[in-house]
Amino acid sequence: MHVFVLTGANGPLFGRPVLDHLRRLVPADEIVAGTRHPEEADELKEFDVAVRRVDFDEPATLGAAFRDATAVLINGTNYGTPTKRRGVQHAAAIQAAVEAGIERIVYLSWPDPDRYLLPMFSDFAGSEALLRRLAPGATILRTTYGLAQTVGRDVTEAAALGVLAAPAAQARTAPAHVDDLAEATARVLTDDQHGGRLYTLTASDSIDWTDLARLASTISGQPTEYQPISDDQFTAKSQDEGVPAPMIDILLSVYRSFRAGWTSSPTEHLASILARAPRAAIDAVAAVVDQ
């Protein structure tokens, strides 16, 4: 009997969608849903899956959580956790999985961590290196989870204002639909042919900010144009809107990353895993924008 352990299973934004797809691929009695607070996970228990406590902050919980596992998904999408703490968390999970002798380890990482200019996600490169050193046969999934939300913020504002003013220049990006990402993650977890691979999961196409302006126009029903602006203009605009200075600095670093080519190149990795064409990048954004 196989045992598939999914960490972060109770997370509504990504953990739960992965669990939903996993339940379509394997029997429920082969699934272990890991969560920090099992006592608050009544919905998980309704799926007839085993529920175990998994707390990356308490490594002592991980041995029991990973017991008898055929495969484990180390869900690294806790992007809101401070950098240093998240790095320690992921290292603990990786080490526990290796010590448990799990042959199939799948790690959800950040897209192109070496090309992202913000230091707040620098820990992902270190976690990937640790995993490669301790478990060369592990699989790394650099997902674009959260990317659609990032650019969707511009769409939401543009739909309200009638103009998309951003310092993105001619940048392009290739966000994948969250449901496609969740399905691919579940498929990789249940299939041993992906050992030792590093995948970058994107849409098969890319979009630019003109495309995002068109989406805003579709949502609002009014003409919306993309207006490229400079970093200084964006700073002044954001200050007028009352955006705190630290957040302005973060947003500018994100735009600089986009302009430098971060997430600009689509791959066919997602399509290959799904054995079908993934949803278009613009559809991934539309799915997360409030309409």
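On a predicted model such as this, the values are computed, not experimentally measured, just so you know.
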J.: With the 4.5 Å side-chain cut-off for hydrophobic clustering, are Val3 and Val54 part of the same group?
T.: yes

J.: Side chains of Leu22 and Val26: closer than 4.5 Å at any heavy-atom pair?
T.: yes

J.: Verify, without hydrogens or angle tests, whether Ser253 (side chain) and Asp249 (backbone) share a donor-acceptor contact under 3.5 angstrom.
T.: yes

J.: Tell me, with the steps shown, if Thr263 and Thr173 meet side chain to side chain donor-acceptor pair (under 3.5 Å).
T.: CA-CA 5 Å; Thr263 71; Thr173 186; 2.8 Å; yes

J.: Over all heavy atoms of both residues, which pair between Thr224 and Ala213 is shortest? Give the atoms and the distance, please.
T.: CB-O, 3.6 Å

J.: Just wondering, are more than 12 heavy atoms of other shown residues or ligands nearer than 6.0 Å to CD in Gln233?
T.: yes

J.: Which atom pair, heavy atoms only, marks the closest approach of Thr35 to Ala41?
T.: CG2-CB, 4.1 Å

J.: Using a 3.5 Å distance criterion without hydrogens, assess whether the side chain of Arg104 forms a donor-acceptor pair with backbone atoms of Ala71.
T.: no

J.: Below 4.5 Å, heavy atoms only, C-beta onward: do Pro266 and Ser204 meet side chain to side chain?
T.: no

J.: Tell me whether Arg115 contacts the main-chain N or O of Gly261 through its side chain, where contact means a donor paired with an acceptor under 3.5 Å.
T.: yes

J.: Salt bridge or not between Arg279 and Asp179? Use side-chain N to carboxylate O under 4.0 Å.
T.: yes

J.: Please say which of Leu73, Thr7, Leu189, Leu181 ends up in a side-chain contact (heavy atoms from CB on, under 4.5 Å) with Val18.
T.: Leu73

J.: Taking all heavy atoms of Met120 and all of Arg86, pick out the closest pair and write down the distance.
T.: O-NH2, 2.6 Å

J.: So which atom in Gly76 and which in Tyr107 form the shortest heavy-atom distance, rounded to 0.1 Å?
T.: CA-CE1, 4.4 Å

J.: Can you give me the closest heavy-atom contact between Leu270 and Asp180, atom names plus distance?
T.: CD1-O, 3.7 Å

J.: Return yes if some donor-acceptor pair links the side-chain N/O of Thr70 with the main-chain N/O of Phe4 below 3.5 Å, else return no.
T.: no

J.: Are side-chain heavy atoms of Val72 and Val106 found at a separation under 4.5 Å?
T.: no

J.: Taking Ala138's backbone N and O only, do any of them form a donor-acceptor pair with Arg132's side chain (distance below 3.5 Å, no angle check)?
T.: yes

J.: If you measure only the distance, is there a donor-acceptor pair under 3.5 Å linking the side chains of Thr200 and Thr267?
T.: no

J.: Examine distances only and state if a side-chain atom of Thr144 and a backbone atom of Leu201 form a donor-acceptor pair shorter than 3.5 Å.
T.: yes

J.: Please walk me through it: do Arg259 and Gln170 pass side-chain contact (heavy atoms from CB on, under 4.5 Å)?
T.: CA-CA 7 Å; Arg259 297 198 306 257; Gln170 304 305 311; over 6 Å; no

J.: Going through the distances and angles, do Val178 and Tyr145 end up as a side-chain contact (heavy atoms from CB on, under 4.5 Å)?
T.: CA-CA 6 Å; Val178 64; Tyr145 169 71; 4.0 Å; yes

J.: Is any side-chain heavy atom of Thr185 less than 4.5 Å from a side-chain heavy atom of Phe14?
T.: yes

J.: Taking atom CG of Leu6 and atom CG of Leu19, what is their separation to the nearest 0.5 Å?
T.: 6.0 Å

J.: Would you call Arg36-Glu58 a salt bridge at under 4.0 Å N-O?
T.: no

J.: Any cation-pi pair here, Arg142 with Tyr199, using under 6.0 Å and within 45°?
T.: no

J.: Do Asn78 and Thr81 get their side chains close enough for a donor-acceptor pair, meaning under 3.5 Å?
T.: yes

J.: State the CZ-CH2 distance between Phe121 and Trp110, to the nearest 0.5 angstrom.
T.: 4.0 Å

J.: What's the separation between atom NE2 in His269 and atom OG1 in Thr143, rounded to the nearest 0.5 Å?
T.: 14.0 Å

J.: Do His37 and Asn10 have side-chain N/O donor and acceptor atoms under 3.5 Å apart?
T.: no

J.: Take Asp48 and Arg23 through the salt bridge (charged side-chain N to carboxylate O under 4.0 Å, His left out) test and state the conclusion after the steps.
T.: CA-CA 10 Å; Asp48 294 325; Arg23 291 170 55 227; over 6 Å; no

J.: Identify whether the distance between the nearest side-chain nitrogen and carboxylate oxygen of Glu157 and Lys237 falls below 4.0 Å.
T.: yes

J.: Nearest 0.5 Å, please: how far is CZ in Arg53 from OG1 in Thr61?
T.: 5.5 Å

J.: Could you walk me through whether Tyr255 and Leu117 pass the side-chain contact (heavy atoms from CB on, under 4.5 Å) check?
T.: CA-CA 9 Å; Tyr255 284 117; Leu117 301 181; over 6 Å; no

J.: Mark yes or no for whether Ser109, through its side chain, and Leu141, through its backbone, hold a donor-acceptor pair below 3.5 Å.
T.: no

J.: What distance do Asp112 atom CG and Trp262 atom CH2 have between them, rounded to the nearest 0.5 Å?
T.: 8.0 Å

J.: Assigning hydrophobic clusters by single linkage (Ile, Leu, Val, Met, Phe, Trp, Tyr; side-chain heavy-atom cutoff under 4.5 Å), is Leu164 placed with Leu161?
T.: no

J.: Testing the 3.5 Å rule here: is there a donor-acceptor pair between the side chains of Asp57 and Gln89?
T.: yes

J.: So which heavy atom on Leu44 is nearest to which on Ala9, and how close?
T.: CD2-O, 4.0 Å

J.: Is a donor on one side and an acceptor on the other found under 3.5 Å between the side chain of Ser206 and the backbone of Ser265?
T.: no

J.: Looking at CG of Leu212 and CZ of Arg153, how far apart are the two atoms once the value is rounded to the nearest 0.5 Å?
T.: 11.5 Å

J.: Closer than 3.5 angstrom, by distance alone: can the side chain of Ser122 be matched with the main-chain N or O of Leu118 as a donor-acceptor pair?
T.: no

J.: Between Phe47 and Arg16, does a side-chain contact (heavy atoms from CB on, under 4.5 Å) hold up when you go through it step by step?
T.: CA-CA 11 Å; Phe47 297 144; Arg16 191 69 65 79; 4.0 Å; yes

J.: Within the 3.5 Å criterion, strictly below it, is a donor on Thr77 or Asn75 matched to an acceptor on the partner's side chain?
T.: yes

J.: Any side-chain heavy atom of Arg187 sitting closer than 4.5 Å to one from His194?
T.: no

J.: Can you check whether Ile102 reaches Val98 side chain to side chain, under 4.5 Å on heavy atoms?
T.: no

J.: Are Val151 and Val163 connected in the hydrophobic side-chain network, where two residues link if heavy atoms are under 4.5 Å apart?
T.: no

J.: Looking only at side chains, do Tyr226 and Asp154 share a donor and an acceptor under 3.5 Å apart?
T.: no

J.: Look only at the side chain of Ser127 and the backbone of Asp123, and say whether a donor-acceptor pair between them is shorter than 3.5 Å.
T.: yes

J.: Take Asp211 and Arg214 through the test salt bridge (charged side-chain N to carboxylate O under 4.0 Å, His left out) and record every step on the way to the result.
T.: CA-CA 5 Å; Asp211 296 315; Arg214 291 193 190 100; 2.7 Å; yes

J.: Salt-bridge test for Glu183 and Arg24: reply yes if a basic N is under 4.0 Å from a carboxylate O, no otherwise.
T.: no

J.: Quick one, Leu131 and Ile140 - any side-chain contact, counting heavy atoms below 4.5 Å?
T.: yes

J.: Given side chains that start at C-beta, do those of Phe56 and Val88 come closer than 4.5 Å, heavy atoms only?
T.: no

